[in-house]
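Quick note: numbers below take in every heavy atom, side chains included, and nothing from hydrogens, waters or symmetry partners.
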Amino acid sequence: MLVLCVIFALLGAASNATGTVLQRKAALAVPAKDALKPRLLMDLVRQPVWLLGICGVAGAALFQALALVTGPLALAQPVFILELPFALLIALPVLHRALPKSGWYAVGCMVAGLVLALASAAPTGGASQASMARWIPAVVVCVAGIAVVVGAARRRPSGAARAALLGTAAAVANALTAALMKSAADTFSTDGFGAFLAAWQTYGFAVCGVAAVFLLENALQAGPIASSQPALTLGDATVSLLLGVIVYGEHIRTGWWIVPELAGVGLIISGTLYLSRAVPLTRELGS
């Protein structure tokens, strides 16, 4: 089951990467004055390339649900770190560019770091459902965090800082969406469609998912992927890991295992920061 979890998560990362590249291309054509307004989505929906991007996101959601049903949240979501190298590899043919040799080293660092971190942490266990005593503080903290970060982003002009802040907000929304989706997907798998429709988590992940897409579109419109993607990639994995442990009671190794876990995280961060700047996606995706 854990192998299936990783496979579905990899497919989800590739599908989401495709959607991100296509959405970024569409977002470049939207006027800056529409940022953080409902009109942004109205402008985007008229673009075929954005609709294709949304199909990629929908496919990612399906694979993500399958990953969450077959394994712990703390294992499934960190695999989505590989969305960044997938996004670059998908974008490179469109840009008619080649990734420099050092960029391939960065991809290797990310993959090696993810394998090292997950093998050391060995996420296991956890419940399929969580009590309201666990859900309420988790949801309140996540929503409050999103509100604070979005408020900070609104006070900044379009550019790298605003893109990074909105990418962070989208990361928290993505992680909360995944946590709620895990509960809803388990309800569907165990008790059927009727129980799925009756579960509050179903509507929770739908609302959070829409909010995450809205925040992502604004992050992509505000500045380069090089600014928003590291925050989105690393933030999603980190918050998801915390939610898996806090909400679902999943377990990760501690003690001396923390050393290789931190080493793996260091490799992931180094590879992510370098790779996000390996190709000037901001300028060339719009050409």
Side-chain angles (χ1 to χ4, degrees), residues 1-27 41 44-45 47-95 99 107 110-111 114-115 118 167 170-182 184-185 188-189 205-206 208-220 225 228-237 239-240 268 271-272 275-276 279 281 285:
M1 292 292 280
L2 294 181
V3 173
L4 281 177
C5 174
V6 173
I7 291 173
F8 286 134
L10 285 170
L11 291 172
S15 183
N16 213 39
T18 304
T20 297
V21 171
L22 295 176
Q23 288 176 83
R24 172 59 180 163
K25 186 174 179 66
L41 292 179
L44 289 170
V45 78
Q47 301 187 50
V49 69
W50 184 80
L51 294 176
L52 287 174
I54 288 299
C55 288
V57 172
L62 174 60
F63 288 125
Q64 183 181 33
L66 292 171
L68 292 170
V69 167
T70 54
L73 179 67
L75 173 63
Q77 284 302 103
V79 175
F80 274 77
I81 285 172
L82 297 181
E83 179 186 338
L84 177 55
F86 279 138
L88 279 177
L89 295 176
I90 291 166
L92 286 171
V94 176
L95 307 178
L99 189 66
V107 171
M110 290 188 69
V111 174
L114 182 63
V115 171
L118 288 180
V172 178
N174 274 338
L176 183 57
T177 299
L180 292 164
M181 182 187 293
K182 178 176 176 63
F188 179 81
S189 176
F205 91 74
C208 285
V210 171
V213 170
F214 179 70
L215 290 168
L216 174 60
E217 301 302 345
N218 279 278
L220 295 173
I225 289 180
S228 60
Q229 194 65 37
L232 182 65
T233 301
L234 299 173
D236 188 353
V239 177
S240 293
I268 292 169
T272 300
L275 200 56
S276 65
V279 178
L281 294 177
L285 275 178

Report task. Enter the distance from Lys182:NZ to Gln77:CD here, rounded to the nearest 0.5 Å. Result -> 10.5 Å
Query - Euclidean distance, Asn16 CG relative to Leu11 CG, rounded to 0.5 Å - result: 12.5 Å
Report summary line: Distance col, row Phe8:CZ vs Leu68:CG, nearest 0.5 angstrom, shows 11.5 Å
Report summary line: Between Ala171 and Ala231, the two heavy atoms sitting closest are CB-O, 3.7 Å
Report summary line: Output for pair (Phe86 CZ, Leu10 CG), nearest 0.5 Å, gives 5.5 Å
Requested in this report: Supply the atom-to-atom distance Leu22 CG to Leu52 CG, rounded to the nearest 0.5 angstrom.
Outcome: 6.0 Å
Requested in this report: Return the minimal non-hydrogen interatomic distance between Thr272 and Met110, and the atom names on each side.
Outcome: OG1-CE, 3.3 Å
Query - Residues Leu176, Val172; criterion side chain to side chain contact (heavy atoms under 4.5 Å, CB included); working and verdict - result: CA-CA 6 Å; Leu176 183 57; Val172 178; 5.5 Å; no
**Report entry** Closest non-hydrogen atom pair, Ala17 against Glu83
**Finding:** CB-O, 3.4 Å
Query - Side-chain donor or acceptor of Thr177 paired with backbone N/O of Gly209 under 3.5 Å - result: yes
Requested in this report: Compare every heavy atom of Pro78 with every heavy atom of Leu75, then report the nearest pair and how far apart it is.
Outcome: O-CD, 3.5 Å
Report task. Identify the two heavy atoms, one from Ala13 and one from Val79, that lie closest to each other, and give their separation to 0.1 Å. Result -> CB-O, 4.3 Å
**Report entry** Verdict with reasoning, Phe80 to Thr233, per side chain to side chain contact (heavy atoms under 4.5 Å, CB included)
**Finding:** CA-CA 7 Å; Phe80 274 77; Thr233 301; over 6 Å; no
Report task. Return yes if some donor-acceptor pair links the side-chain N/O of Ser15 with the main-chain N/O of Gly12 below 3.5 Å, else return no. Result -> no
Query raised in the report: Got a second to check how far Ser189's OG is from Leu66's CG, nearest 0.5 Å?
Result: 10.0 Å
Query - Least distance between heavy atoms, Met181 atom then Phe205 atom - result: N-CB, 3.7 Å
